[in-house]
Every structure is written in structure tokens, then in C-alpha cells.
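Chain letters run A, B, ... following the sequence lines, proteins first and then strands; every chain starts at 1.
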Amino acid sequence: MKTCLVWLHQDLRLSDNPALYHAAEAADTLIPVYIHAPQELEPWAPGAASRWWCHHSLSTLQQALHARGSRLIIRRGASQDVLQRLIRETGAGAVYWNHRYAPQAARRDAHIAAWLRAHDIEVHTYHGNLLYTPGSVLTKEHKPFRVFTPFWRACRQQGLGAPPLPVPQRLGECRLASEAVEALALLPDIPWHHGLASSWRPGEDNALEQLQGFCDAALAHYDAGRDRPDRLDTSRLSPHLAFGEISPRQVVSAVLNAFMDHATQGDSMDRFLSELGWREFAYHTLHHFPYATDTPLNPRFEAFPWRDDKALLRAWQQGKTGFPIIDAGMRQLWHSGWMHNRVRMIVASFLTKNGLQPWQTGARWFWDTLVDADLASNSFNWQWVAGCGLDAAPYFRIFNPVRQSERFDPHGDYLRQWLPELAQLPLPWLHRPWLTPADVQHACNVRIGRDYPAPILDLNSSRKRALNLSRQLPCVTNA
DNA sequence: TGACTATTCAC
DNA sequence: TGAATAGTC
């Protein structure tokens with residue numbers, strides 16, 4: 001009789017879950033375990049929005065396992081202690097899991113794997129949440145790629161991987177006691193989660209449904225639609241991927257099927273796949289440079305004179321900067337735990353370049369407020385915008401929030417959705433309310449400076465300031 | 001996966 | 001006078 005533990009974490013799914021699948025093949029008795037140990041992930045323990053999602057994701061996984069006669073065993077405490085206790089209680093001889101890549105988690109897992117093996121417990125680990133194994137995609141000089149395009153080309157040359165695994169046929173019974181999900185106290189005390197609940201449906205079944213809906217509708221014109229925050233043309237799979245309710249292999253597989261079945265443009269498919277490629281690039285980068293969560297990948301930026309402006313930061317966080325596209329994005333984030341990717345770039349450029357606030361500050365706010373908060377992607381993308389990341393936006397690429405707003409929200413629908421106080425403003429002014437003539441303001445029942453803030457900074461001079469500071473960065477040769 | 005500015009060319 | 005283009009940060 002062989003008893004196997006499956007140590008689940010950010011792979012809260014039954015399908016295409018290699019750890020679960022292979023454990024089910026090998027085990028007479030299978031015990032799926034989730035260990036709540038946020039203290040082990042500090043200083044990057046999950047933020048408030050993530051905890052909300054986690055609560056619901058665990059609940060649905062619990063139900064899904066229950067429906068198949070199994071049970072999710074939830075425990076709290078130090079991971080090693082919990083595993084040790086479970087092994088003693090059950091006589092388990094093997095532990096299965098899918099790799100975690102956040103530096104703190106990866107270190108802990110490596111330590112625990114060594115400890116288990118030293119105690120003659122089998123350890124089986126899998127790369128179930130990535131398409132390519134971090135560390136396995138290298139340049140000819142066996143160094144990490146620092147530019148996306150050749151990285152992704154090298155990945156694609158390896159193929160898109162094996163087809164997804166099915167849900168294991170036989171999970172078997174599990175009679176251990178579990179803590180209730182509620183005992184983990186993941187839900188916020190303030191009634192902040194109403195916005196999240198009305199925006200999202202966590203869980204594996206919903207993730208698969210979301211994927212199929214995207215492939216049937218928006219994927220065909222993704223190349224053009226993806227940049228429009230006023231439309232629902234992105235996949236919105238990010239939180240499902242972040243919690244492993246769906247695997248990137250399943251996403252790839254569905255996208256390829258859609259391409260075969262209907263006339264999805266190759267451009268759109270390649271563009272969408274390359275977004276998964278950026279996700280891979282971020283994970284591989286964090287694998288090679290685990291300090292990248294807090295330290296610029298380009299050492300020139302260690303000397304950058306970031307400012308500390310609490311008032312500016314607060315205005316940005318609250319969506320009260322006076323720039324509609326910034327404020328709409330930040331309010332969308334606060335309300336729904338998510339922001340359109342185009343808008344993420346705009347608000348990040350605004351905070352770091354116009355506002356000169358450190359990218360780490362912005363990354364931390366996103367970490368706490370995003371339901372899709374993902375340490376690899378979040379750190380990587382903030383570094384990218386700030387100009388200190390790999391294959392980063394050059395320092396001179398500074399978004400103008402008004403131009404971006406006009407280009408990507410041409411009818412102002414996105415702005416009106418999130419800024420009701422401006423909803424009556426007609427079009428040229430909606431993107432630049434501070435220039436609205438007094439009589440128009442009066443007719444539209446809004447007074448700028450009273451009902452909606454005047455701009456907290458000057459775009460022109462702050463842009464020049466950022467350019468000057470960037471130009472002055474010392475040259476550090478990157479041997 | 002920018003924006004700004006000067007310059008040119010067609011009215 | 002405005003669109004298109006090139007050069008610069």
C-alpha cells in the first residue's frame with residue numbers, strides 16, 4: 001500500500017496537474033494537501049486581493065475533490081512541520097509537487113526536498129506551471145537571454161510541449177481531517193471584496209470556460225483588440241494562471257485548436273502566444289536573478305535619484321491624479337483587482353517617470369491590489385517600464401497619458417465607466433479635463449478642482465526632468 | 001509595446 | 001495649413 005502526498009500550492013486544479021496526475025498513478029492512497037504558510041514567503045506574502053482569490057479558489061478545489069470522493073487537506077503552520085506530521089500520521093512514502101518559482105518558495109522547497117530525501121521519502125517534482133523549464137533556455141554561451149525575441153525563438157524551437165494531462169481517473173478516498181478554508185482568514189475585514197466578487201469567478205471550471213470563451217470570440221482579433229481597455233478583448237486569464245487554476249499548456253492547446261478550427265489570424269495567435277512568452281521570460285529571469293523582485297537588473301539604476309513623494313503616491317493609488325486614463329486605471333484596479341495591460345504600462349510610466357517614484361513602490365501596490373499578482377511578472381514588468389529591466393523600454397520612452405488615452409480609448413468609454421464625475425464631458429475635454437472651458441464644465445455638472453482633481457503635475461516639465469535624470473545615469477559596464 | 005520637434009511637400 | 005517623415009531624447 002503506497003500513500004502519496006500531493007503538496008498543492010499555486011496549482012489549484014485537477015486537469016493538467018502533473019504532480020497530481022503522477023501521484024494518482026503511483027498511489028494506492030492519495031492525499032492532496034494545501035499548507036497555508038504565508039510567513040515563509042515574506043517579504044512577498046500574498047496581498048489582500050490575492051488572498052480573496054485564494055479563498056475562493058481553495059473552496060472550489062475542495063468541492064471538486066469532494067465530488068470525486070477525495071478531499072483537500074488544508075493545514076496551517078511551517079510547511080516542513082506540517083509535512084512531517086502528515087507523513088507520520090499517514091505513513092506516506094512520497095511527496096509530489098509542482099515547482100514554485102518565487103525565490104522564497106523555491107529556497108524553502110529545495111530545503112524540504114533535501115530533508116525528505118534524507119528521511120527516505122520519495123520526492124517527485126514537475127514544472128507544471130510553465131511551458132519551459134527555467135534554466136533550460138540559454139544562449140549559445142549558456143547564459144540567460146537578456147532580450148525577449150531570441151529568448152522566445154529559442155523556446156519555440158523546442159516546440160510547444162506535450163498535450164495537457166487529463167484529470168486523474170482515480171483519486172481515491174481520503175479521510176484525514178482538514179481545517180476549514182474560513183480558518184485561514186483570507187477574506188478582508190472591510191467589505192472591499194464586493195467589487196472583486198462582481199468582477200470574477202475563481203476556480204478551475206470557470207478558468208476553462210473563460211479560456212474557451214476567449215478562443216471563440218476575442219482571440220481572432222487579439223492583435224488589434226488587446227490594446228483597447230474599453231473592450232473585453234483580452235483573455236482575462238491572468239488570475240487563473242497566477243493561481244494555477246489553469247496551466248499555460250492548456251491555454252496553448254486551446255489556442256492551437258481554435259487556430260485549426262476557425263479562421264483565427266496567425267498574427268493574433270502568435271501575438272497571444274508571445275504574451276505567454278513574456279510570462280515565461282519573466283519566470284526564467286527571476287530564476288536566474290532572484291534579487292530582481294527588489295533590485296534593478298540594470299545596475300546603472302542603483303544610482304537613480306528616485307523621490308519619495310507621499311502625496312503623489314497617494315493620489316496615484318486612489319485614482320486622483322487629475323489624468324483620466326491614470327485615474328480610471330487605478331480605480332479599476334482598486335474596484336476589480338485587475339487593470340488592462342495597456343493601462344498598467346501607462347500608470348507605471350506615470351508613477352516612475354513623471355512622478356519619479358521608485359518602481360518598487362508601484363510594484364508593491366500592485367502586489368497588494370491585483371488578483372493576478374504574480375511575483376515574476378509583476379517585478380519583471382515594473383522593471384521593464386522603469387527602464388532598468390531586461391529588454392526594457394528605453395529610458396526615453398515616456399508615455400503621455402493624454403495621447404495614450406486618445407489612441408486607445410478613442411470614444412472615452414473606459415474613462416466614463418470608471419470616472420462617473422466626468423461622464424458628461426464631451427470628447428476632446430474628457431481626455432484633458434483641466435483644459436475644459438468654464439461654460440462647458442458648468443453645462444456638464446462638473447468643476448475641475450472640486451469634483452475632479454486638477455492635474456497633480458505638469459506633463460511637459462516632468463517628462464523633461466525624467467529625461468535629464470536618465471541621461472545623467474552613470475555608465476556601468478555589464479561584464 | 002513613444003513623444004516631441006523640425007522639416008518637407010502638397011495643397 | 002496640415003499630413004507625412006526623419007531625427008532626437
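We find that CD1 of I398(A) is positioned 18 Å from P of dT8(C), with the value rounded to whole Å. Rounded to whole Å, atom C1' of dT5(B) lies 11 Å from atom NZ of K464(A). Atom CZ in R342(A) sits roughly 9 Å away from atom P in dT1(B) (whole-Å rounding). Atom CZ in F350(A) sits roughly 18 Å away from atom P in dG2(B) (whole-Å rounding). Put simply, CG on N460(A) is 12 Å from C1' on dT5(B), counting in whole angstrom units. Distance, F399(A) CZ to dC4(B) C1': 15 Å, rounded to whole Å. Atom CG of L467(A) and atom P of dC4(B) are 11 Å apart (whole Å). The nearest whole Å value for the distance from the CH2 atom in W382(A) to the C1' atom in dT1(B) is 16 Å.
Between W367(A) and W44(A), the angle of the ring planes goes over 60°, which puts this pair in the perpendicular group of the 30/60° scheme. Ring geometry for F366(A) against W316(A) counts as parallel: the plane angle stays under 30°, on a 0 to 90° scale with 60° as the upper cut. Ring planes of F243(A) and W53(A): parallel class, angle under 30° (limits at 30 and 60°). Ring geometry for Y101(A) against H127(A) counts as parallel: the plane angle stays under 30°, on a 0 to 90° scale with 60° as the upper cut.
Considering only side-chain N and O atoms, N400(A) lies under 4.0 angstrom from the phosphate OP1 or OP2 of dC4(B). Side-chain N/O atoms of R407(A) include none lying less than 4.0 angstrom from OP1 or OP2 on dT1(B). Note on Q404(A): a side-chain N or O is less than 4.0 Å away from OP1 or OP2 of dA3(B).
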